[in-house]
There are 2 protein chains.
Amino acid sequence: MAADDLPALLLSAARGLVDSIDAGVRARGFTDVRPAHGFAFTLISGGGATVVELARHLDVTKQAASQMVEELISKGYVDRRPHPADARARLIVLTERGWACTRAADEAAAEILASWSTLIGDRRLTALRADLAKLAVPGRLRPTW
Amino acid sequence: MAADDLPALLLSAARGLVDSIDAGVRARGFTDVRPAHGFAFTLISGGGATVVELARHLDVTKQAASQMVEELISKGYVDRRPHPADARARLIVLTERGWACTRAADEAAAEILASWSTLIGDRRLTALRADLAKLAVPGRLRPTW
DNA sequence: ACTATATAGTCAATGAGCTTGACTACAGGG
DNA sequence: CCCTGTAGTCAAGCTCATTGACTATATAGT
């Protein structure tokens with residue numbers, strides 16, 4: 001196999017994707033959120049989550065997750081509700097603003113994917129997704145390296 | 001086009017790749033380096049670089065790049081030499097330890113790519129690289145989101 | 001039912017890495 | 001030769017994460 005720059009290309013594509021989605025979200029008026037918040041929204045949008053679940057999802061400590069929740073509450077994106085089955089826990093859910101931001105991110109992502117489709121074609125994009133599905137590591141999401 | 005989880009898969013694969021390379025480098029005895037240092041080595045290994053060039057490559061301020069150089073010097077990975085053509089600048093070059101670490105990273109990366117080759121096949125891996133080359137954004141490298 | 005241990009969450013202090021601002025030293029064109 | 005621009009460093013501060021300690025609730029074992 002030839003000397004490979006695949007790692008650099010993969011990193012560059014990932015960075016470009018995140019930057020583009022972030023730019024799209026900001027362009028839609030949500031200027032006080034970071035990409036990391038989007039990773040949180042992804043989990044919370046699925047029926048809510050606890051702080052500990054969020055911490056695991058983001059691969060940070062529960063203290064860090066708690067701080068992020070506090071920040072998102074103060075910015076109006078999420079809300080705390082009592083957990084229906086555990087008095088210790090609290091269920092974090094999206095507010096209407098949180099949902100709007102999530103939709104904005106989805107729209108931005110769809111735009112990027114559409115541009116990618118014109119770049120390499122729909123067939124290649126589907127194949128790319130299939131290949132990446134085999135290479136992706138389950139569980140690990142948040143970069144921050 | 002179907003609702004796509006391609007962004008998540010791409011991020012996950014990128015994160016898995018970086019984590020694996022980092023683990024491989026540590027397993028080879030270099031426990032005091034971070035992935036970001038690898039991005040620096042990539043530039044410096046090509047005949048040396050100045051602090052400002054490094055800053056541009058890593059997409060950080062020159063102050064941050066200067067601090068990283070200071071750290072890498074104290075750990076014995078790089079060295080400062082007077083710049084042959086500019087008395088203001090200094091040429092940052094790899095020490096023998098820096099080269100050894102770079103080789104370790106290359107070995108680790110080759111290992112991961114080999115495992116990927118067994119996962120999706122050599123042909124698909126080549127196609128993947130070609131597609132990513134079209135999607136990658138030139139210049140942008142360091143994530144840190 | 002009662003203790004013992006584990007888990008959910010928060011508060012406080014600290015740290016790593018990056019930024020802005022200000023400065024010195026040298027470069028290079030009018 | 002000045003005058004503007006660039007290379008680099010010093011210092012201070014910010015942001016986001018960490019570790020440590022604690023309270024409240026859950027759950028298993030006897």
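Per chain, numbering begins at 1; letters A, B, ... match sequence-line order. Keep in mind that the numbers below use all heavy atoms, side chains included, and drop hydrogens, waters and symmetry copies. Everything quoted here is computed from the prediction, not taken from an experiment.
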Student: Which residues in residues 74-85 of chain B have at least one heavy atom lying under 4.0 Å from any atom of DNA chain D?
Tutor: R80(B)
Student: Measure the distance from CD on Q67(A) to C1' on dC11(C) and round it to the nearest whole Å.
Tutor: 10 Å
Student: Apply salt bridge (Lys or Arg N to Asp or Glu O under 4.0 Å) to K134(A) and list each qualifying residue two or more places apart in sequence or on a separate chain.
Tutor: none
Student: Does T61(B) place a side-chain N or O at less than 4.0 Å from the phosphate oxygens OP1/OP2 of dC18(C)?
Tutor: no
Student: Would you say the side chain of E71(A) and the base of dT15(D) hold a donor-acceptor pair, judged only by whether the two atoms sit under 3.5 Å apart?
Tutor: no
Student: With a 4.5 Å cut-off on side-chain heavy atoms, are L91(B) and P82(B) touching?
Tutor: no
Student: Measure from CG on L54(B) to P on dT9(D) and round the result to the nearest Å.
Tutor: 11 Å
Student: Would you mind reading off the distance between D32(A) atom CG and dT15(D) atom C1', rounded to a whole angstrom?
Tutor: 15 Å
Student: Are R90(B) and E70(B) within salt-bridge range, i.e. N to O under 4.0 Å?
Tutor: no
Student: Can a side chain N or O of S66(A) be found less than 4.0 Å away from OP1 or OP2 on dG9(C)?
Tutor: no
Student: Less than 4.0 Å between a side-chain N and a carboxylate O, is that true for E71(A) and K75(A)?
Tutor: yes
Student: Between R129(A) and D131(B), is the closest basic N to carboxylate O distance under 4.0 Å?
Tutor: no
Student: Report, as yes or no, whether the 6.0 Å neighbourhood of atom CZ on R81(A) holds more than 12 heavy atoms from other residues, nucleotides or ligands.
Tutor: no
Student: Between the protein and nucleotides 22-25 of chain D, are there any N/O to N/O pairs under 3.5 Å, and if so, what are the atom names and distances?
Tutor:
| residue | atom | partner | partner atom | Å |
| --- | --- | --- | --- | --- |
| dT25(D) | O2 | R88(A) | NH1 | 3.4 |

Student: Treating S66(A) as the side-chain partner and K62(A) as the backbone partner, does any N or O pair qualify as donor plus acceptor under 3.5 Å?
Tutor: no
Student: Here's a test for you: under side-chain contact (heavy atoms from CB on, under 4.5 Å), which of V93(A), I92(A), L94(A), V69(A) qualifies with D79(A)?
Tutor: V93(A)
Student: Of the nucleotides dA17(D), dT9(D), dG9(C), which has the atom closest to the R90(B) side chain?
Tutor: dT9(D)
Student: With a non-hydrogen cut-off below 4.0 angstrom, is Q63(B) in contact with a base, only sugar-phosphate, or nothing?
Tutor: base
